[in-house]
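First the structure, in the form of structure tokens, and then the observations on it.
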Amino acid sequence: MLRALCPTALVRRRLAAATLLVLAPAAMAQTQPSGSLDDPTLLAQFDPLEQRAALANQAVYDVLAPLCAPAAGGGPTGACTSPQVQAVFSNVEQLVQTANGILGRGPTQYSLGLDSAGLGRALQWTAAEELLEQGSIATRFAGNQQAALGSRLSALRVASRGLRIADGREAPTGDADGLLADGAQPLLGGGAGADSSGFSRLNVFFDGSSGWGHKDPTDLEDAFAFKAREYSLGVDYRLTPSLVTGLIAGYSDRRVDFDSSQSVVDGNMTGKGWNALGFLQWDSEHAYVAGSLGYQHLRYESLRSIHYPSLNPAVASVDTAVNGATTSHALLASLGAGLPWHAGRYGAELYVHGDYLNVNIDGFTETHASGGYDDFEFAVAPQSIKSLDAAAGLKLDAAFTMGSMVVLPYARAEYHRELETQPHQVSSFYSALPADIVAQIEARAPFTVNSNQIPRDYETYSFGFAAVLRGSTRVSGSGRAGGSLQGYFQYTTVQRLQYYHERIWAGGLRYEF
């Protein structure tokens, strides 16, 4: 069970650092700055994340040591008269002296007594690579909402075809293809012909989806499992028989649970928020073009654990946790075009689309999980993430009647290429340190964690059906059909997306006024 560092242990660690002030001169001489975390022999034994943490903690030590561990007969000066800064120095001093013990040089009084593998794990606990997943949450939500919009527009086109069948408007050879069930009565009147007024203008729809999966561990990022629930409510309005516009608003609740069995990590993160997308689609029997523009807002809450052992009886083990909270704002845009083809009950469609995303995550400062102050909180700088995903796909569908319903099963395959592949960064520093100290540390080795290289290529496969559950039940005085109820259900799996394994169920209903 995670617990905050108990007061007794915290006092013991603070007293260990304060002991520097009352030691005899000979002992004080032993505490002179001696950097070992940046030793090439030791760095070679660390993975990339551990190397970054080693260099950053060494930079903190190099700047604080002259203030917090002065020459014999002196005492702490300047910033190190602050107990919080002294506590940060105590932590990094323990890491440095652990490296001294491994290399066989320099003072080791406050060494943790760990070997190089244990020191590497301790260094990972002082990193903040977990916060990289804020970007993952933002991009996956945006991607799923843009995919939901694409599915909705696709279902709208497929359902429109099904509605023409249900209403008797797509059987020009007297139902030679057998699309209407025995006894089914096509809608007559204004909705039965090719009259331009024979369509419903206003429609509302509701979509919901549930996704889950996991991410593999890497040298820079942690393993985790994730799950998400997303809901969308929208309206579309057909301006002309070929032009439709609309608005879709979505809500997302996404949770990441870090996997301590695969990575040196423990804790979780949630992302909750909403987005709104306006869209416009022009379609005809043989071609369509669609575009959207929207905004996304998310709030993140994180629990980040820090716990590593000490084999030195004079130095307490670390067992604590910190909370973080921040928000993000994003601009979304998409553009796509396709060429549908139909022959009797069967149809196919070739299409391309591009999705753009620009996310800005606000900076924030962590707090101790149980309240108050601890030594491991980070101040985290703002983050910026961009994505430009281009895709090409093929969709196949067929139309069948089941009583009074028309069901159109379909399968879709898409190839995606991400054009913005540069890793994004999370920059942070110990929040107890004053600005002038932080500036000196960043000039030496800023504590910046890079994400993995963004995967360039991946594929998605979807299977589902659209259905006209009820055909048009009325015709207005102007000859417009209305009252139909349509739905769709879809399963999507993401393949060859490096490190990620994801599956999504989605479904929705649409009603014509």
Side-chain angles (χ1 to χ4, degrees), residues 35-62 91-92 94-96 98-100 102-103 112 114-137 139 214-224 256 258-267 269 302 304-309 318 324 361 376 378-381 383-386 418 420-430 441-457 497-501:
S36 299
L37 288 173
D38 57 357
D39 184 277
T41 303
L42 189 60
L43 288 175
Q45 302 177 56
F46 294 156
D47 66 29
L49 180 59
E50 294 166 351
Q51 291 173 1
R52 288 179 179 273
L55 294 173
N57 280 290
Q58 183 66 57
V60 174
Y61 179 82
D62 289 343
N91 293 332
V92 297
Q94 291 166 14
L95 298 171
V96 168
T98 303
N100 290 346
I102 294 169
L103 296 169
L112 299 170
L114 305 174
D115 60 14
S116 59
L119 175 57
R121 287 190 292 271
L123 287 166
Q124 285 199 40
W125 286 112
T126 70
E129 79 284 354
E130 301 98 315
L131 302 179
L132 289 166
E133 304 319 323
Q134 292 171 341
S136 173
I137 289 174
T139 56
H214 66 275
K215 179 179 174 296
D216 298 329
T218 72
D219 287 341
L220 293 175
E221 295 189 39
D222 301 311
F224 59 80
V256 166
F258 294 105
D259 188 348
S260 57
S261 69
Q262 299 188 67
S263 299
V264 181
V265 68
D266 201 358
M269 182 179 297
S302 59
R304 191 170 62 88
S305 301
I306 307 100
H307 49 171
Y308 52 86
V318 173
I361 302 176
F376 292 93
F378 276 151
V380 183
Q383 305 173 52
S384 179
I385 304 164
K386 292 183 180 180
E418 175 58 57
E420 290 276 359
T421 59
Q422 288 301 311
H424 80 274
Q425 297 181 331
V426 172
S427 297
S428 59
F429 53 89
Y430 292 113
I441 293 169
E442 291 187 335
R444 295 168 180 258
F447 212 144
T448 300
V449 179
N450 288 340
S451 70
N452 297 308
Q453 188 76 22
I454 304 302
R456 178 175 288 277
D457 304 294
L497 179 59
Q498 192 175 21
Y499 315 125
Y500 282 90
H501 309 268

Exercise. Should D216 and H501 be marked as a side chain to side chain contact (heavy atoms under 4.5 Å, CB included) after you check the CA-CA gap, both sets of side-chain angles, and the distance that decides it?
Worked result: CA-CA 8 Å; D216 298 329; H501 309 268; 3.0 Å; yes
Exercise. Which residues satisfy the salt bridge (Lys or Arg N to Asp or Glu O under 4.0 Å) test with E130, sequence neighbours excluded?
Worked result: none
Exercise. What's the spacing between N100 CG and L37 CG if we round to 0.5 Å?
Worked result: 8.0 Å
Exercise. When you measure from the side chain of T98 to the backbone N and O of L112, does any donor-acceptor pair fall under 3.5 Å?
Worked result: yes
Problem set entry | side-chain hydrogen bond (donor to acceptor under 3.5 Å, both in side chains) partners for T139, two or more places apart | none
For this session: List in chain and number order the residues that pass side-chain contact (heavy atoms from CB on, under 4.5 Å) with S116, two or more places apart in sequence or in another chain; answer none if no residue qualifies.
Result: L42, Q45, I102
Exercise. Are the side chains of Y500 and S136 in touch, meaning some heavy atoms are under 4.5 Å apart?
Worked result: yes
Problem set entry | Rounded distance [0.5 Å steps], CZ in R52 versus CG in D219 | 11.5 Å
For this session: Kindly write out the residues that satisfy side-chain contact (heavy atoms from CB on, under 4.5 Å) with I454, not counting sequence neighbours, or none if the list is empty.
Result: E418, T421, S451
Exercise. Would a distance-only check, ignoring hydrogens and angles, find a side-chain to backbone donor-acceptor pair under 3.5 Å from R304 to E129?
Worked result: no
Exercise. For V426, does its backbone N or O pair with a side-chain atom of Q383 as donor and acceptor, under 3.5 Å?
Worked result: no
Exercise. In chain order, what residues pass the salt bridge (Lys or Arg N to Asp or Glu O under 4.0 Å) check against D457, with sequence neighbours excluded?
Worked result: R417
Exercise. Under the side-chain hydrogen bond (donor to acceptor under 3.5 Å, both in side chains) test, which residues partner Q425, sequence neighbours left out?
Worked result: N450
Exercise. What residues form a side-chain hydrogen bond (donor to acceptor under 3.5 Å, both in side chains) with E442, not counting sequence neighbours?
Worked result: none
Exercise. Q58 side chain to S36 main-chain N or O, any donor-acceptor pair under 3.5 Å?
Worked result: yes
Seminar exercise, completed: Between K386 and E420 the two heavy atoms that sit nearest each other are O-CB, 3.6 Å
For this session: Output all residues satisfying ring-ring contact (aromatic ring centres under 6.0 Å, His included) with F447, sequence neighbours left out; order by chain, then residue number.
Result: F378
Exercise. Quick one: side-chain hydrogen bond (donor to acceptor under 3.5 Å, both in side chains) partners of E133, sequence neighbours excluded?
Worked result: none
For this session: Indicate yes or no: at least one non-hydrogen side-chain atom of D259 is less than 4.5 angstrom from one of H214.
Result: no
Exercise. Taking only residues two or more places apart in sequence or in another chain, which ones pass ring-ring contact (aromatic ring centres under 6.0 Å, His included) with H424?
Worked result: none
For this session: Measure the spacing between CG of L132 and CG of L220 and express it to the nearest 0.5 Å.
Result: 8.0 Å
For this session: Mind running side chain to side chain contact (heavy atoms under 4.5 Å, CB included) on F46 and L119 for me, showing each step along the way?
Result: CA-CA 9 Å; F46 294 156; L119 175 57; 4.0 Å; yes
For this session: Return the set of residues passing side-chain contact (heavy atoms from CB on, under 4.5 Å) with A445 (not counting sequence neighbours), or none when no residue passes.
Result: L55, A59
For this session: Please confirm whether the backbone N or O of H307 pairs with a side-chain atom of W125, one donor and one acceptor, at under 3.5 Å?
Result: yes
Exercise. Do the non-hydrogen side-chain atoms of Y499 and N452 ever get within less than 4.5 Å of each other?
Worked result: yes
Exercise. When you look at I441 and F429, which way does the side chain to side chain contact (heavy atoms under 4.5 Å, CB included) test go after all the steps?
Worked result: CA-CA 9 Å; I441 293 169; F429 53 89; over 6 Å; no
Problem set entry | Residues that Q124 engages under side-chain contact (heavy atoms from CB on, under 4.5 Å), provided they are two or more places apart | D47, L49, E50, V264
Exercise. CG of D39 to CG of L103: how many Å apart, nearest 0.5 Å?
Worked result: 4.5 Å
Problem set entry | Spacing of CD belonging to Q51 relative to CG belonging to L123, to within rounding of 0.5 Å | 10.5 Å
Exercise. Within a strict 4.5 Å, meaning less than it, do heavy atoms of the T126 and Y308 side chains meet?
Worked result: yes
